[in-house]
Each structure stands twice: as C-alpha cells, then as structure tokens.
Amino acid sequence: LGNGDCIFDQKLEHDELQPIVMYFGHVTPSKNFHVIRSQMTDLAQLVQQKCDQDPMANSAGWIINTCGWVEEEGYDLLVDTCKIFEADQVLVLGQERLQYKLKQSFNETKKYNFVTLPKSTG
C-alpha cells in the first residue's frame with residue numbers, strides 16, 4: 001500500500017484480530033482519487049480473504065459506509081465501490097434522486113437492490 005502518490009506492490013495480509021484499516025493521507029477522497037480506488041480494491045481483497053477463512057464473518061455480511069460526495073468523481077467512486085465490493089444491497093439515505101441515478105447506472109443487471117431510507121431527523 002502507499003502513502004501519498006506512491007503505491008508499493010506487496011502481499012496483502014491481515015491479522016484476524018485486528019480491524020482492517022488503510023491510511024489514505026487526506027480528509028477528502030478528491031485529493032488523490034486514483035489512490036483511494038486502488039486502496040478500495042486492496043481492501044475488498046482483504047475483506048474477501050477474511051470471509052473465505054471465517055464462515056461466521058462470511059455469513060454476517062458487510063456494511064460499507066461511503067462518504068457523502070455523490071457528484072462527478074464522487075459518484076463514479078460510489079459506483080466503483082458497489083462493483084469492487086460486489087454489493088447486492090445498497091441503502092441510500094434520504095436521496096431519492098441518487099437512488100434513481102444508481103438504478104440507471106446498474107440497469108443492465110438485477111444483481112443490485114437499491115433502497116432509499118429516510119434520514120433520521122433527530
């Protein structure tokens with residue numbers, strides 16, 4: 001994994017007792033878009049390895065909390081996240097237009113189920 005703009009090719013390994021965490025180096029994904037995409041792919045591989053090794057983790061499912069950046073490259077990143085992690089259920093909080101746009105982007109496949117949930121008011 002890399003720091004800043006550098007990516008090091010190394011075997012991905014994870015201690016099963018530790019959380020899976022990657023350092024991005026910025027507070028916003030727009031600062032280094034290509035690195036965050038690469039890290040998402042690496043993270044998906046690590047999560048899949050964990051699920052392959054642990055039947056309990058595999059049956060539990062994953063919750064992927066994305067950032068609120070849903071315009072332009074942010075939307076592309078959201079679509080990539082769905083594809084990279086092979087999500088089958090996508091919950092959209094309080095943004096019906098975003099749900100519609102996602103359905104349009106994935107209209108060729110029935111693999112994805114998009115559901116809009118209301119935002120909490122309190």
Side-chain angles (χ1 to χ4, degrees):
L1 296 179
N3 183 4
D5 288 334
C6 299
I7 299 176
F8 300 102
D9 188 22
Q10 65 184 24
K11 183 178 180 201
L12 297 172
E13 294 183 11
H14 178 256
D15 178 353
E16 65 184 47
L17 299 176
Q18 297 296 318
I20 301 173
V21 177
M22 293 187 178
Y23 178 69
F24 174 60
H26 297 283
V27 295
T28 178
S30 65
K31 294 292 183 189
N32 211 337
F33 195 66
H34 67 280
V35 170
I36 199 161
R37 261 197 192 148
S38 175
Q39 286 184 326
M40 277 193 340
T41 301
D42 293 343
L43 182 61
Q45 288 175 342
L46 286 171
V47 171
Q48 188 59 56
Q49 286 174 9
K50 180 165 182 65
C51 288
D52 291 344
Q53 296 168 359
D54 183 353
M56 200 171 215
N58 189 44
S59 65
W62 312 342
I63 296 175
I64 304 166
N65 185 11
T66 61
C67 67
W69 183 32
V70 295
E71 301 297 327
E72 300 167 2
E73 287 180 326
Y75 178 78
D76 295 338
L77 187 62
L78 184 59
V79 169
D80 288 346
T81 302
C82 292
K83 291 178 180 178
I84 290 169
F85 284 93
E86 299 177 2
D88 55 359
Q89 301 291 320
V90 179
L91 306 177
V92 180
L93 297 180
Q95 295 189 34
E96 289 183 25
R97 189 170 17 167
L98 175 60
Q99 179 201 17
Y100 178 78
K101 189 174 178 183
L102 285 167
K103 281 184 177 182
Q104 295 302 310
S105 293
F106 290 95
N107 68 357
E108 74 281 352
T109 179
K110 301 290 184 207
K111 177 181 176 181
Y112 301 92
N113 182 34
F114 297 96
V115 177
T116 299
L117 300 174
K119 274 189 173 182
S120 173
T121 58

Inset, instruction - Using atom types as modelled and distance alone, determine if a side-chain donor or acceptor of Tyr75 lies under 3.5 Å from a backbone N or O of Lys101. - result: yes
Inset, instruction - Not counting sequence neighbours, which residues clear salt bridge (Lys or Arg N to Asp or Glu O under 4.0 Å) with Asp76? List them please. - result: none
Inset, instruction - Measure the CZ-OG1 distance between Arg97 and Thr116 for me, rounded to the nearest 0.5 Å. - result: 12.5 Å
Legend entry - Cluster link Leu98 to Leu117, ILVMFWY, side chain under 4.5 Å: no
Inset, instruction - Please work out whether the ring planes of Trp62 and Phe85 are parallel, tilted or perpendicular, with thresholds of 30° and 60°. - result: perpendicular
Inset, instruction - Return yes when atom CD of Glu96 has more than 12 non-hydrogen atoms of other residues, nucleotides or ligands closer than 6.0 Å, and no otherwise. - result: no
Inset, instruction - Return yes if some donor-acceptor pair links the side-chain N/O of Thr41 with the main-chain N/O of Arg37 below 3.5 Å, else return no. - result: yes
Inset, instruction - Mind telling me whether Phe24 and His26 have parallel, tilted or perpendicular rings, with 30° and 60° as the class edges? - result: perpendicular
Inset, instruction - Check whether any side-chain heavy atom of Lys83 lies under 4.5 Å from a side-chain heavy atom of Phe106, and answer yes or no. - result: yes
Inset, instruction - For Val115 and Asn113, work out which heavy atoms get closest and say how close. - result: CG2-ND2, 3.8 Å
Inset, instruction - Verify the neighbour count for atom CD of Gln89: are there more than 12 heavy atoms of other residues, nucleotides or ligands below 6.0 Å? - result: yes
Inset, instruction - Measure the spacing between OH of Tyr112 and OG of Ser105 and express it to the nearest 0.5 Å. - result: 11.0 Å
Inset, instruction - Determine whether Phe33 and Met40 fall in the same hydrophobic cluster, where Ile, Leu, Val, Met, Phe, Trp and Tyr are linked whenever their side-chain heavy atoms lie under 4.5 Å apart. - result: yes
Inset, instruction - Kindly compute the distance separating NZ (Lys111) from SG (Cys82), expressed to the nearest 0.5 Å. - result: 10.0 Å
Legend entry - Set of residues satisfying side chain to side chain contact (heavy atoms under 4.5 Å, CB included) with respect to Ala87, sequence neighbours excluded: Val90
Inset, instruction - May I ask whether Leu78 and Ile36 are part of the same hydrophobic cluster, defined by side-chain heavy atoms of I, L, V, M, F, W, Y residues being less than 4.5 angstrom apart, directly or through others? - result: no
Inset, instruction - First locate atom OG of Ser38, then atom CG of Leu43, and finally report the distance between them rounded to the nearest 0.5 Å. - result: 11.0 Å
Legend entry - Same cluster (ILVMFWY, side-chain, under 4.5 Å), Ile84 and Trp69: yes
Legend entry - Asn58 vs Asp52 side-chain heavy atoms within contact, under 4.5 Å: no
Legend entry - Minimum heavy-atom distance Pro29-Cys67, with the two atoms named: CG-SG, 3.9 Å
Inset, instruction - Enter the distance from Thr66:OG1 to Asp80:CG here, rounded to the nearest 0.5 Å. - result: 12.0 Å
Inset, instruction - State plainly whether one hydrophobic cluster holds both Val92 and Val79, where clusters connect Ile, Leu, Val, Met, Phe, Trp and Tyr through side-chain heavy atoms under 4.5 angstrom apart. - result: yes
Inset, instruction - Apply side-chain contact (heavy atoms from CB on, under 4.5 Å) to Leu46 and Gln49, showing your working. - result: CA-CA 5 Å; Leu46 286 171; Gln49 286 174 9; 3.9 Å; yes
